[in-house]
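Written out below as structure tokens is the structure these notes cover.
Throughout, residue positions are numbered sequentially from 1 according to the sequence presented.
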Amino acid sequence: MTDEDASCPVPASRYDEVVLGHGSGGRLSADLLEHVFLDAFGDIGPDAREDSAIVETSGARIAITTDSFVVSPWRFPGGDIGSLAVYGTVNDLAVSGAIPEWITAAFILEEGLPLAELASLARSMRDACVRAGVRIVAGDTKVVDRGNGDGIFINTTGVGRVPVGRALTATAIEPGDVVLVSGTMGDHGVAILSVREGLTFDGAIESDAAPLHDLVASVLDAAPHTRCLRDPTRGGLASALNEFASASGVGIRIDEAAVPVHETVRGACEMLGLDPFYVANEGKLVAVVPQDEAAAALAAMRAHPLGAAASQIGEATEPPIRVVVETSFGTQRVLPLLSGEALPRIC
């Protein structure tokens, strides 16, 4: 074995190759980050597990995030891959406490993609930028051979400014802190699934894809000591809550009855054997706030158009480090990280 081999051990995983679950936002994604990327790149800073990295330059604090969007189908009720790419990037900046400013966009296109389709998605991105108050300032385009892609993938980088004195991190959560959500869980994932599989339900379901920067600003104004925020995308609410518990070393107790879920989404999940706690969202906010600021934060959410269905769903507790759900039957269940891939290609 060479010195180079010794410095890069085989990842501690039961898999010898990438599987769909590595993109789930759950346990396999965490393993990939820990045993492949962080092992290779070393200590890349305290923000490695946050949605954005915060860097300081010339006295300013800048948030940087990057993301890739591979949703299938490209168009779905409530949006498309173009608007989703903008909103997803804006939201990762916003939940890090930043004011989103600029985006770069790189397109990987498959030979044969109709130019009219590409132009339509580009216009959708433009309109989403206007709504989110950001600008696309740079980009790139690559084309792969027919049959070697899936029409279009979009990679983005977002940059925003972090106001002086603002620091949001899951490591700050303390026992007694309150967990809030801004609305119904699982809308995006079920909307994607309904189109992909040609399913119809009793009620219409649309993706909740939306820019959260304005809602975040309202919450932070009302609750200036907010511990942390997340937009629960891949892996849904369950992944966000487990990230909170792991980062802070606390337990989290959730009241299942308090978690808002659209009745059509609930019915679809029951029919398909899915748990709405694990289904992706693209326009919802999870906030952990001190107990004495919880009422103000919840009122601020409910006063915003994107937070009308906001709810207080639980609290941080003393260890052990786990997420426990109190069910409507008076029992408890542990809510672990997603171990596989529930809904592939949803973001």
Side-chain angles (χ1 to χ4, degrees), residues 19-32 69-79 81 84 88 91 179 181-210 230-245 252-286 309 311 313-314 322-329 331-347:
V19 298
L20 280 175
H22 283 120
S24 67
R27 189 177 305 281
L28 291 184
S29 294
D31 287 346
L32 198 67
F69 298 85
V70 297
V71 64
S72 176
W74 310 327
R75 300 185 186 280
F76 45 84
I81 192 173
L84 182 66
N91 293 347
V179 182
V181 295
S182 64
T184 52
M185 296 288 103
D187 295 358
H188 177 74
V190 171
I192 294 291
L193 186 63
S194 68
V195 177
R196 181 186 299 155
E197 304 299 335
L199 302 175
T200 57
F201 305 109
D202 290 339
I205 288 295
E206 290 192 352
S207 169
D208 57 351
R230 282 290 190 281
D231 56 328
T233 53
R234 293 180 305 165
L237 177 63
S239 286
L241 296 175
N242 274 279
E243 288 173 10
F244 291 163
I252 294 180
R253 183 172 60 246
I254 299 300
D255 178 3
E256 185 174 45
V259 179
V261 179
H262 193 289
E263 283 305 313
T264 302
V265 170
R266 190 186 306 279
C269 288
E270 290 176 354
M271 181 180 71
L272 298 168
L274 301 173
D275 185 339
F277 279 34
Y278 291 95
V279 180
N281 312 271
E282 289 291 347
K284 297 301 189 317
L285 184 65
V286 185
S311 177
I313 65 169
R322 63 180 183 178
V323 180
V324 174
V325 177
E326 296 184 347
T327 73
S328 55
F329 300 104
T331 60
Q332 292 186 341
R333 64 183 176 107
V334 175
L335 194 70
L337 273 173
L338 183 69
S339 58
E341 179 68 56
L343 293 173
R345 307 288 301 280
I346 56 173
C347 59

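With sequence neighbours excluded, the residues that form a side-chain contact (heavy atoms from CB on, under 4.5 Å) with Arg75 are Asp80, Glu117, Ser120, Leu121. When the ring pair (Phe, Tyr, Trp, His ring centres under 6.0 Å) test is applied to Phe277, no partner is found at least two apart in sequence or on another chain. By the side-chain contact (heavy atoms from CB on, under 4.5 Å) test, Ser194 pairs with Phe201, sequence neighbours left out. Asp275 pairs by the side chain to side chain donor-acceptor pair (under 3.5 Å) definition with Arg333, not counting sequence neighbours. Partners of Glu263 under the salt bridge (Lys or Arg N to Asp or Glu O under 4.0 Å) rule, at least two apart in sequence or in another chain, are Arg266. For Ser328, the side-chain contact (heavy atoms from CB on, under 4.5 Å) partners are Glu256, not counting sequence neighbours.
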Working for side chain to side chain contact (heavy atoms under 4.5 Å, CB included), residues Val265 and Thr184: CA-CA 9 Å; Val265 170; Thr184 52; over 6 Å; no
Test salt bridge (Lys or Arg N to Asp or Glu O under 4.0 Å) applied to Asp231 and Lys284, step by step: CA-CA 6 Å; Asp231 56 328; Lys284 297 301 189 317; over 6 Å; no
Derivation and outcome, side chain to side chain contact (heavy atoms under 4.5 Å, CB included), residues Val181 and Leu237: CA-CA 9 Å; Val181 295; Leu237 177 63; 4.0 Å; yes
Worked verdict on Met185 versus Asn281 for side chain to side chain contact (heavy atoms under 4.5 Å, CB included): CA-CA 6 Å; Met185 296 288 103; Asn281 312 271; 3.9 Å; yes
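A 4.5 Å side-chain heavy-atom check between His262 and Asp187 finds at least one atom pair inside the cut-off. Counting heavy atoms from C-beta on, the side chains of His188 and Leu84 come closer than 4.5 Å. For the pair Cys269 and Val190, the minimum side-chain heavy-atom distance is below 4.5 Å. Between Val323 and Phe244 there is no side-chain heavy-atom pair separated by less than 4.5 Å. Side chains of Pro336 and Tyr278 form a contact here, defined as non-hydrogen atoms less than 4.5 Å apart. Considering only heavy atoms from C-beta on, Pro77 comes within 4.5 Å of Val195 through its side chain. Here the side chains of Thr233 and Glu282 are in contact, with some heavy-atom distance below 4.5 Å.
Minimum interatomic distance between Gly189 and Val279 (heavy atoms only, all atoms of both residues): CA-CG1, 3.6 Å. Considering all non-hydrogen atoms of both residues, Ala309 and Pro260 come closest at O-CG, 3.7 Å. Of all heavy-atom pairs between Ala258 and Ile313, the closest is O-CG2, 3.5 Å.
Put simply, CG on Leu272 and CG on Leu199 are 6.0 Å apart, with the number rounded to the nearest 0.5 Å. Atoms CD1 and CG, on Ile254 and Leu335 in that order, are 8.5 Å from each other to the nearest 0.5 Å. Expressed to the nearest 0.5 Å, how far CZ of Phe76 lies from CD1 of Ile192 amounts to 4.5 Å.
Between the side chains of Ser239 and Asn242, not a single donor N or O lies within less than 3.5 Å of an accepting N or O.
Here the side chain of Thr327 pairs a donor or acceptor atom with the backbone of Phe329 at under 3.5 angstrom.
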